[in-house]
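Quick notes on the structure that follows.
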Amino acid sequence: MEMKYKIILASNSPRRRELLAGLDIPFTVRVVEGIAESYPLNLPVPEIPLYIAKEKAAAYEIADDELVITADTVVVFDKKEVLGKPKDEEDARRMLGLLSGNTHQVITGVCLTTTERQSAFVVETDVTFKVLGKEEIDYYIGRYKPFDKAGAYGIQEWIGYVGVTFLHGSYFNVMGLPVQRIYEELKRMQ
């Protein structure tokens, strides 16, 4: 696809870089440090990642020939509890214990921003885990150290191989970037 804009990925995430690279579209990474990933406490849970993605987009100075992609992903348990990145091993065990034997949602908010317009959207995926044994949780945390991952897991890692029994929606969204939808939006913005 011919790109009218220079694509900028506003993320330090190696997973997001890998996923966007899979679209075979040239891009560069530019990260503005110190953007607060906070949100109003009364904001409905499904709106949180889009709010944060828009806040990230607002922090960028964009040239006329640039398009900036910002994103935020949250893991939601029981339709109301946002599971962020675990603070430590105990917090990771707590989160994986909640997800064990249950279905949760992974919601990513994405903004594609130019000087002229912004396309903002949310992609939601349902993920179901089998009942995880204590040994499985301990092994995963000890071996993979999922402290930089919302919900304390990466679906592309061992826990996803052995634990995920059902997925409804975008697999890549669960990894952190709904690339199929981004591709469609980029085509529309050309």
Any sub-3.5 Å donor-acceptor pair from [X]'s side-chain atoms to [Y]'s backbone N or O?
X: Glu66; Y: Ala63; answer: yes
X: Lys56; Y: Ala71; answer: yes
X: Tyr139; Y: Ile159; answer: no
X: Asp78; Y: Lys80; answer: no
X: Asp148; Y: Lys85; answer: no
X: Thr125; Y: Val174; answer: no
X: Asn173; Y: Gly169; answer: no
X: His104; Y: Val127; answer: yes

Given side chain to side chain contact (heavy atoms under 4.5 Å, CB included), test Arg15 with Lys149 step by step and report yes or no. CA-CA 11 Å; Arg15 286 170 299 284; Lys149 295 173 178 66; 3.8 Å; yes
Verify the cluster assignment for [X] and [Y]: are they in a single hydrophobic cluster under the rule of side-chain heavy atoms below 4.5 Å apart?
X: Phe166; Y: Ile155; answer: no
X: Phe172; Y: Ile7; answer: yes
X: Val110; Y: Leu43; answer: no
X: Val76; Y: Tyr51; answer: yes
X: Met175; Y: Val122; answer: no

Please report the interatomic distance CG(Leu20) to OG(Ser11), rounded to the nearest 0.5 Å.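 Interatomic distance, Leu20 CG to Ser11 OG, rounded to 0.5 Å: 9.5 Å.
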Distance from Thr108 atom OG1 to Asp72 atom CG, nearest 0.5 Å?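 One gets 8.0 Å once the value is rounded to the nearest 0.5 Å.
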Suppose we call two aromatic rings close when their centres sit under 6.0 Å apart. Are Tyr153 and Phe129 close by that rule?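 Yes.
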Begin from the C-alpha positions of Thr70 and Ile52 and carry the test side chain to side chain contact (heavy atoms under 4.5 Å, CB included) through to its verdict. CA-CA 9 Å; Thr70 56; Ile52 294 172; over 6 Å; no
Please tell me whether Arg16 and Thr73 have a donor and an acceptor in their side chains that are separated by less than 3.5 angstrom.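 Their side chains do contain a donor-acceptor pair, which is all the 3.5 Å distance test asks for.
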Do [X] and [Y] touch side chain to side chain, with heavy atoms closer than 4.5 Å?
X: Leu9; Y: Arg17; answer: yes
X: Asp126; Y: Leu167; answer: no
X: Tyr161; Y: Gln156; answer: no
X: Thr128; Y: Val164; answer: no
X: Leu67; Y: Ile8; answer: no
X: Ile182; Y: Ile69; answer: yes
X: Leu112; Y: Leu186; answer: yes
X: Val82; Y: Val75; answer: no

Distance-minimising heavy-atom pair for [X] and [Y]:
X: Gly84; Y: Met95; value: O-CE, 3.4 Å
X: Val32; Y: Ala59; value: CG2-O, 3.9 Å
X: Ile62; Y: Thr115; value: O-CG2, 3.2 Å
X: Val31; Y: Tyr60; value: CA-OH, 3.3 Å
X: Ala120; Y: Cys111; value: CB-SG, 3.9 Å

Any chance NZ of Lys130 has more than 12 other-residue heavy atoms, nucleotides or ligands included, within less than 6.0 Å?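 Counting other residues, nucleotides and ligands, NZ of Lys130 exceeds 12 neighbours.
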For a side chain to side chain contact (heavy atoms under 4.5 Å, CB included) check, start with the C-alpha distance between Tyr5 and Gln190, then their side-chain angles and the critical distance, and finish with the verdict. CA-CA 8 Å; Tyr5 298 103; Gln190 292 309 309; 3.9 Å; yes
Using the salt bridge (charged side-chain N to carboxylate O under 4.0 Å, His left out) criterion, which residues pair with Lys4? Sequence neighbours excluded. none
In sequence, state the C-alpha distance, the side-chain angles, and the governing distance for Tyr140 and Glu157, and then conclude on side chain to side chain donor-acceptor pair (under 3.5 Å). CA-CA 9 Å; Tyr140 176 67; Glu157 296 176 337; 2.4 Å; yes
With a cut-off of under 6.0 Å to the ring centre and 45° to the axis, is Arg181 in cation-pi contact with Phe121?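 Yes, cation above the ring, under 6.0 Å and within 45°.
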Yes or no on side chain to side chain contact (heavy atoms under 4.5 Å, CB included) for Glu136 and Trp158, after CA distance, side-chain angles and deciding distance? CA-CA 10 Å; Glu136 292 168 321; Trp158 182 85; 4.1 Å; yes
